[in-house]
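Here is the structure we will look at, set down as structure tokens.
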Protein chains: 2
Amino acid sequence: MPETWGDRPRSGDGPLYRQVREALLREIAQGRHPVTEPLPSEQKLAARFGVAQGTVRRALDEMARENLVIRHQGRGTFVHAHGPDRDRFHFFHLLAADGERRLPTSRVLSMTQRRVTQTEALALRLSPQARVVEIKRVRDLMARRAVLELIILPDDLFPGLGDLNKTQLPNTLYQLYQDRFAVIVHRAVEKITAEAAGPDDVTHLGLDRGAPLLRIERIAQTLDGTPVELRISRCDTTHLAYFSDLL
Amino acid sequence: MPETWGDRPRSGDGPLYRQVREALLREIAQGRHPVTEPLPSEQKLAARFGVAQGTVRRALDEMARENLVIRHQGRGTFVHAHGPDRDRFHFFHLLAADGERRLPTSRVLSMTQRRVTQTEALALRLSPQARVVEIKRVRDLMARRAVLELIILPDDLFPGLGDLNKTQLPNTLYQLYQDRFAVIVHRAVEKITAEAAGPDDVTHLGLDRGAPLLRIERIAQTLDGTPVELRISRCDTTHLAYFSDLL
DNA sequence: TAGTGGTCTAGACCACGCC
DNA sequence: GCGTGGTCTAGACCACTAA
């Protein structure tokens, strides 16, 4: 604000670069800024918000560090989308026991539509009457049956998904959410416990009844914190492990 | 470099702020900059390195984001130490099943000195002849026996530790490493699997034989990546869970 | 009051991608 | 060649801490 200095009315709250950040975040959450084209340049944003370019830069750099946008020198700044460029392991922490990164393959067992359960409604912040799509699939890692997954999606966020044939579901679901339903998963929270194998695990993972397995309960969220997917993965950790970096 | 511009010889590699960062990192790893007193101010560092204050700031800000240093307006910048200020949950992801944060208590079962095993030597990058201290303890969470821990420490990094009485060990070991041995844990990698309870787990955690439990294998490192602790935690996840944020 | 980091501005030059 | 982000500088004022 070159002219009006000396008495900044503290119009919004907090530093300018945070206000710029929040404004951009709102725009992105509202679905402007399609993932295929760049945000306005730093210069234009600076002019629009009436701040210096460096202030916009700081906001964008912060968002880039949080994986919300991605910046390319010479091309521009984009909403960070799921696609070939994105690190596929950011949301996939199951690696071979030696730490090697291998991507899994998937086979869908079933896809059904039904009323939400009480637990699911709580996790996904849905009304008790809401409908959901349930996907059940097995994932292989290094040619071994490794993970039995149950995926719960709110029907209203993914209209028409239940009508798809189960063979049409890709391995990388987050890309599907983004391309077909404009739902971008930006973050997730996982809750990990150990459980004993039940009948389903025996059938689909080839485990012995009562064998220990890793249960991962994930809630995936969009930018504004709306939960969009509940995923429960049951993993045979004989040849795998979940890796976590504490930096 | 105000005078000599126009032909920066690209003396080191990469941007200046990274060179500054690496230089500071080296100094910290070498044990200069005790955790009790601030680093030189931005002004002084800028003069020392012959760069602008903003360049030093960028290096320090980056290090602050990685939890390597901590900055206090009006006081200065400090090597980020374990202590009352530090977030105790950064290295402790076991929470009550509802997500509540409670700190554990600890009871040491034994502390012994012995030769390293082959597996341990590999994980801690020790010679096969090296000696280690082994600590075994039980941790309670919410007044319930919850975790059985085996901690392996290289003897040469922690001289005299094996002579301590086991009742002298504090609950927060990383603080001990730092205060008594000038070893600061900056990061850790965890590898999580599910296992069946064995005799030890039955004895100390009160689990049934074969019950599923969570096994967390952690390697803690100092700034320069030297592994300084191997810790294997076996957790009863009946009332707990391991939480992980994917941002 | 002096000194620290925090915010903000302004403008330079460089490296890169695209047309 | 033009526009983008990446790096670097310089200097202003503010907020906080400590002596």
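The sequence lines fix the lettering, A, B, ..., with proteins before strands; numbering per chain opens at 1.
Between the P atom of D/dA18 and the CD atom of B/Q73 lies a distance of 12 Å, rounded to the nearest Å. Note: CZ (A/R75) to C1' (D/dG6) measures 15 Å, nearest angstrom. The distance from atom CD of B/E62 to atom P of D/dG6 is 13 Å, rounded to the nearest whole Å. Taking atom CZ on B/F49 and atom P on D/dC8, their separation rounds to 14 Å, with Å as the unit. Taking atom NE2 of A/H72 as the reference point, atom C1' of C/dG17 lies 11 Å away to the nearest angstrom. For B/Y17 and D/dG5, the OH to C1' distance is 12 Å, given to the nearest whole Å. B/M63 has its CE atom 15 Å from the C1' atom of C/dG5, to the nearest Å. Here D/dC8 presents its C1' atom at 13 Å from CD of A/Q53, a figure rounded to the nearest Å.
OP1 or OP2 of D/dT7 sits under 4.0 Å from a side-chain N or O of B/R58. Dashed line: the shortest gap from a side-chain N or O of B/K44 to OP1 or OP2 of C/dG3 is not under 4.0 Å. Contact annotation: B/T77 side-chain N/O to C/dG5 OP1/OP2 distance is under 4.0 Å. In this model, the phosphate group of C/dT9 is approached by a side-chain N or O of A/T55 to a distance below 4.0 Å at OP1 or OP2. For the pair B/S41 and C/dT4, the criterion of a side-chain N or O lying under 4.0 Å from OP1 or OP2 is met.
Other residues, nucleotides and ligands contribute over 12 non-hydrogen atoms within 6.0 Å of the CD atom of A/E66.
With 3.5 Å as the limit, one finds a donor-acceptor pair spanning the side chains of A/S106 and A/N171. Side-chain atoms of B/R187 and B/N67 form no donor-acceptor pair, as typed in the model, at a separation below 3.5 Å.
Taking only side-chain atoms of A/D61, from C-beta outward, the nucleotide of D/dG6, D/dA18, C/dT9 with the closest atom is D/dG6. Closest to the side chain of B/P15, out of C/dG5, D/dC8, C/dT7, is D/dC8.
Of the charged side-chain nitrogens involved, at least one lies within less than 4.0 Å of a carboxylate oxygen, so that A/D61 and A/R71 count as a salt-bridged pair.
Ring geometry for A/Y174 against A/F91 counts as perpendicular: the plane angle is over 60°, on a 0 to 90° scale with 30° as the lower cut.
Under 3.5 Å, the side chain of B/R57 and the base of C/dG6 form at least one donor-acceptor pair of N or O atoms.
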